[in-house]
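These figures come from a predicted structure and were not determined experimentally.
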Amino acid sequence: PKKDTNKVVVYFLGKAKNYDFIPQQEEISDIKWVEIGVAKTILTYDNDKTIVNKAKIAIKERAC
């Protein structure tokens, strides 16, 4: 977000206990729960779409 600034992003795959959330308003402009198949269609960045695809594969592998 700032010139000459490096940012590290870490993703976690987890299972929600409920669908309640409290957004961190300084960091997040919008938040919502969607089915994983829908997530890819509403994401803007290709990297985020790739991560959702990897998560979908990991979830499918765990179900087997």
Seminar exercise, completed: Taken to the nearest 0.5 Å, the spacing of I31 CD1 from Q25 CD works out to 10.5 Å
For this session: Using the test side-chain contact (heavy atoms from CB on, under 4.5 Å), find all partners of I22 that sit at least two apart in sequence or belong to another chain.
Result: none
For this session: Using the test side chain to side chain donor-acceptor pair (under 3.5 Å), find all partners of D48 that sit at least two apart in sequence or belong to another chain.
Result: Y11
Seminar exercise, completed: Besides V10, the hydrophobic cluster formed by Ile, Leu, Val, Met, Phe, Trp and Tyr side chains linked at under 4.5 Å, directly or via other members, contains V8, F12
For this session: If you link ILVMFWY side chains whenever their heavy atoms are less than 4.5 Å apart, which other residues fall into the same cluster as V52? By chain and number, please.
Result: L13, I36, L43, I59
For this session: State plainly whether one hydrophobic cluster holds both W33 and I42, where clusters connect Ile, Leu, Val, Met, Phe, Trp and Tyr through side-chain heavy atoms under 4.5 angstrom apart.
Result: no
For this session: Step through the shown structure and confirm whether more than 12 heavy atoms of other residues, nucleotides or ligands are within 6.0 Å of NZ on K40.
Result: no
For this session: Check the surroundings of atom CG in N6: do more than 12 heavy atoms from other residues, nucleotides or ligands lie under 6.0 Å from it?
Result: no
